Amino acid sequence: MTSSPRTRPFGRVLCAMVTPFTDEGLLDLEGAQRLAGHLVAEGCEGLVLSGTTGESPTTTDDEKSALVRAVADAVGGRAAIVAGIGTADTRHTAELARAAEKAGADGLLVVTPYYSRPPQDAVEEHFRTVADSCGLPIALYDIPGRTGTRIEPETMLRLAEHPRIVAVKDCAYDLLGTQKVLARTDLAYYAGCDEYVLALYALGGAGCVSTVANAVPRRFRSMLDAFDAGDTAGAARIQWELTGLIEAMMASGLPGAVTAKAVLTARGLPSGPVRAPLRPAGREAADGLLAVYGELVARDAGG
């Protein structure tokens, strides 16, 4: 069993922030600073940069470092800056870890090596090597639907012994396995699937790393605030009310980066286009998404 109180190393509500680009497809650092400031003002306690929603496969190493520096300059000290650095190459990932630390990140999000589908002992060694390469706290990113490889609960238990491996972004859709690790470690579990935020929080999770928070950050903050205040029914109601938007943004067949940028663009907030091979949402899909978003906003305005 865990022997010390569970901590939230990066806060509770983390937004998996989009990476703004200019109309020409270049990195928009000023836009990233403005968007980061908006998200923090709206209740985000941390920002995850260069994650899946941040289109990390299409950004260069230099762009990733520049993004961390710009956002840290804008909101550092007011929110945790967590840099996504995971690649399929252990050596490259360790290099990115050191670069993110130098650029001013507060923590790192490290995805399971993808495509090569390494066995569990190799997965464990990959994460240990990266954790040993720098001085920042690390969140493991368990998303087997994208990587093809799970971080098995037994592997999590061993990795939890490393002093710099402190958290997990959980996208494994295995609540039983998650509970096993929660019961035996101090790892801070963040829901990476928006529909699971309250369920995991109620089991002792630390909070969320949310793509939908690009659109409605205050909603997630209010939900966790309500639960912490003992208003479990109110927290559940907020999660239920988010269902339509979560489905439209995360289960419509379009990537979260595409749907999040569609909402942000409609709101006049920095986002810009997506980079190929992603494509912007078509008119019909965008109209449907914005209709769902508008209904949620109207409900809020009506009290």
Side-chain angles (χ1 to χ4, degrees), residues 14-39 42 44 47-64 66-68 70-71 74 83-84 86-87 109 111 114 141 143 145-147 169 171 192-195 208-220 242-298:
L14 281 70
C15 179
M17 194 178 99
V18 305
T19 299
F21 299 123
T22 67
D23 290 341
E24 295 74 30
L26 302 176
L27 185 63
D28 181 3
L29 293 178
E30 189 273 335
Q33 290 180 318
R34 287 196 290 124
L35 179 59
H38 162 78
L39 293 170
E42 289 291 302
C44 293
L47 301 173
V48 174
L49 308 178
S50 298
T52 307
T53 306
E55 301 177 72
S56 59
T58 68
T59 58
T60 67
D61 292 1
D62 287 344
E63 286 176 325
K64 288 178 173 66
L67 184 63
V68 169
V71 173
T87 76
L109 180 66
V111 74
Y114 42 83
Y141 188 3
I143 184 166
R146 287 183 179 269
T147 65
K169 180 183 177 183
C171 293
C193 305
D194 286 276
E195 67 272 30
C208 60
V209 178
S210 168
T211 293
V212 178
N214 280 282
V216 286
R218 283 190 181 275
R219 276 272 174 163
F220 288 91
L242 282 166
T243 300
L245 185 61
I246 292 170
E247 184 174 24
M249 290 185 65
M250 306 305 295
S252 65
L254 294 174
V258 172
T259 56
K261 284 192 168 184
V263 174
L264 290 169
T265 297
R267 295 188 60 191
L269 290 165
S271 61
V274 290
R275 281 183 174 173
L278 296 183
R279 300 173 65 184
R283 176 60 63 84
E284 183 177 351
D287 287 348
L289 167 64
L290 294 175
V292 174
Y293 171 75
E295 290 172 3
L296 186 60
V297 171

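Predicted model, so just to flag it, every value in this text is computed and none were measured.
A heavy-atom distance below 4.5 Å is not found between the side chains of Phe21 and Leu26. With contacts defined as side-chain heavy-atom distances shorter than 4.5 Å, the pair Glu30/Asp28 qualifies. In this structure, Met17 and Asn214 have side chains that are in contact, with non-hydrogen atoms separated by less than 4.5 Å. In this structure, the side chains of Leu289 and Ser252 stay at 4.5 Å or more apart for every pair of heavy atoms. Thr19 is not listed as a side-chain neighbour of Glu63, based on a closest heavy-atom distance of 4.5 Å or more.
One finds the CZ atom of Arg219 at 9.5 Å from the CG atom of Leu245 (value rounded to the nearest 0.5 Å). For the atom pair CG (Leu39) and CG (Leu269), the distance works out to 8.0 Å, reported to the nearest 0.5 Å. With rounding to the nearest 0.5 angstrom, the OG atom of Ser210 is 9.5 Å from the CG atom of Leu14. Rounded to the nearest 0.5 Å, atoms CG (Asp61) and OG (Ser50) are 10.0 Å apart. With rounding to the nearest 0.5 Å, the separation of CG in Leu254 from CE in Met249 is 10.5 Å.
Across Pro280 and Val258, no two heavy atoms sit closer than the pair C-CG1, 4.0 Å. Between Val212 and Met250, the shortest heavy-atom contact is CG2-CG, 3.9 Å. Heavy atoms only, all atoms of each residue included: Val68 and Leu49 are closest at CA-CD1, 3.9 Å. The shortest heavy-atom contact between Thr52 and Tyr141 is OG1-OH, 3.2 Å. The nearest pair of heavy atoms linking Val18 to Ala260 is CG1-CB, 3.7 Å. Closest of all the heavy-atom pairs between Pro273 and Thr22 is CD-O, 3.2 Å.
Looking at Glu42 and Arg267, no side-chain N of the basic residue comes within less than 4.0 Å of a carboxylate O on the acidic one, giving no salt bridge.
For the pair Thr59 (side chain) and Ser56 (backbone), a donor-acceptor distance under 3.5 Å is present. No donor-acceptor pair under 3.5 Å is formed between the side chain of Lys261 and the backbone N or O of Pro20. In this structure, Glu55 contributes its side chain and Arg275 its backbone to a donor-acceptor pair below 3.5 Å.
Contacts of Arg146 classified as salt bridge (Lys or Arg N to Asp or Glu O under 4.0 Å), with partners at least two apart in sequence or in another chain: none.
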